[in-house]
Amino acid sequence: MLTMPYYMDVDPGVDDALALVVAKSHVEVKGVTAVAGNVELPKTFRNACKIMDLIDAPNIPVVAGSAEPLLASMHTAVDVHGDDGLGGYEREVDELGSRPTASVPGWVWLAAELEAAKSPSGIIASGPLTNIARLCLGFPHVLSQVRGLTIMGGSLSGGNVTSTAEFNFYADPDAAEVVLGRVSGIRLVGLDVTHQVLLSWDDLRRFRQFGQVGDALFRMLSSYAGHLRDLGYGDGIAIHDVLAVAAAHQPDFFMWEWMPLTVVRDGTLRGTLVAAPNAGDRSAVAVATGIRHDVFFSWFWEALEKYR
Ligand code: RIB
Ligand code: CA
């Protein structure tokens, strides 16, 4: 069966790194665009290159996108992912070496890719939605070539930046509002589900079985888990962005509810996701409300086995 290829828009970020590793095992990754989020763009771009090198994917393009939100002030998550964005994971990377890239911004490159493609692709977005919003605003005609946009973002059950706002939607609320209002067929995986699927510290030791990729992930995740513990999140280790890959590849792992959504763009509720039943012509979004834990974790560890 021909499987659909995916573009990934990421802000590595330790859980973005894990999402790239898992995605490469389960789907065809056609390209990666980096966006400012967990750390500034030069670091998210460099980190995306590092991870694609780590998983021996020299021919997958990595292209730098937006360096700042559409309108909002910049807000990073260095307290969770470390100043470098990958928990201090050191690796030499030749950002402008043999790897394909582009001299245009990531969303411009993605538009050209979609326009030239003979068949539709999926997009998995695991950072602030700035690049995706710029794609929608600048190149609306290419959205017909997107067969499913799966987003890690938002929350209807409490935030992780403020009491109500999740990081990706807080970091660029205007972009989230643009995307939720202009793209149909969105699958949204928010904290409502990602907080149901946590790795344990015992799970971390399991990564050491998977060769140099597993060792690198062990180092990144150990640092990330330490930061989460220090910040009062307890011992559970959220792997938010991996759930977006799972939702794109295996939507039947999840329980879904459909509703139009809007995002508060500023003030004390900046980035808060709101169900908007009277949102005019806004398309309903499939919101993940639950997950089948056993099948997800079988799928997750199966992806990592390929790096053994
Ligand atoms: O709220 C979790 C999200 O914010 C994840 O995508 C994580 O990488 C951070 O970007
Ligand atoms: Ca992310």
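Note that ligands are numbered from 1 as they come in the structure, with each ligand's atoms numbered from 1 the same way.
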Side-chain H-bond candidate by donor/acceptor type, D11 with T44, under 3.5 Å: no

Using residues 260-267 as the side-chain source, report each donor-acceptor pair under 3.5 Å to any protein atom, sequence neighbours left out, with the distance given to one decimal.
unit_1 : atom_1 : unit_2 : atom_2 : d
T262   : OG1    : E177   : OE1    : 2.9
T262   : OG1    : E177   : OE2    : 2.9
R265   : NE     : D174   : OD1    : 2.7
R265   : NH2    : D174   : OD1    : 3.2

Atoms in ligand 1 with a heavy atom of S126 nearer than 4.0 Å: 6 (O)

Per-pair distances, 0.1 Å, donor-acceptor, side chain in residues 206-219, under 3.5 Å, sequence neighbours excluded:
unit_1 : atom_1 : unit_2 : atom_2 : d
R208   : NE     : D215   : OD1    : 3.0
Q209   : OE1    : R308   : NH2    : 2.8

Residue M152 vicinity, atoms of ligand 1 by number, heavy atom under 4.0 Å: 2 (C), 3 (C), 5 (C), 6 (O)

Nearest-neighbour protein heavy atom for atom 8 (O) of ligand 1, which is reported as residue plus atom name and distance: D15 OD1, 2.6 Å

Donor-acceptor pair between D15 and H240 side chains, under 3.5 angstrom: no

I'd like a table of donor-acceptor pairs (distance under 3.5 Å, sequence neighbours excluded) in which one partner is a side-chain atom from residues 111-119, with atom names and distances.
unit_1 : atom_1 : unit_2 : atom_2 : d
E113   : OE1    : Y7     : OH     : 2.7
E115   : OE2    : H141   : NE2    : 2.9

Atom 6 (O) of ligand 1 - nearest protein heavy atom and its distance: D241 OD1, 2.6 Å

Part of T194 within contact of ligand 1 (heavy atoms, under 4.0 Å): neither

H240 N/O to ligand 1 N/O under 3.5 Å: no

Ionic contact status for D84 with K43, cut-off 4.0 Å: no

Shortest protein heavy-atom distance from atom 4 (O) of ligand 1, along with the residue and atom involved: F167 CD2, 3.3 Å

Any side-chain donor near an acceptor of the partner, D203 and S200, under 3.5 Å: yes

Count, waters excluded, of protein N, O or S atoms under 3.0 Å from the Ca ion (ligand 2): 5

Protein residue, atom and distance nearest to atom 1 (O) of ligand 1, heavy-atom basis: E166 OE2, 2.6 Å

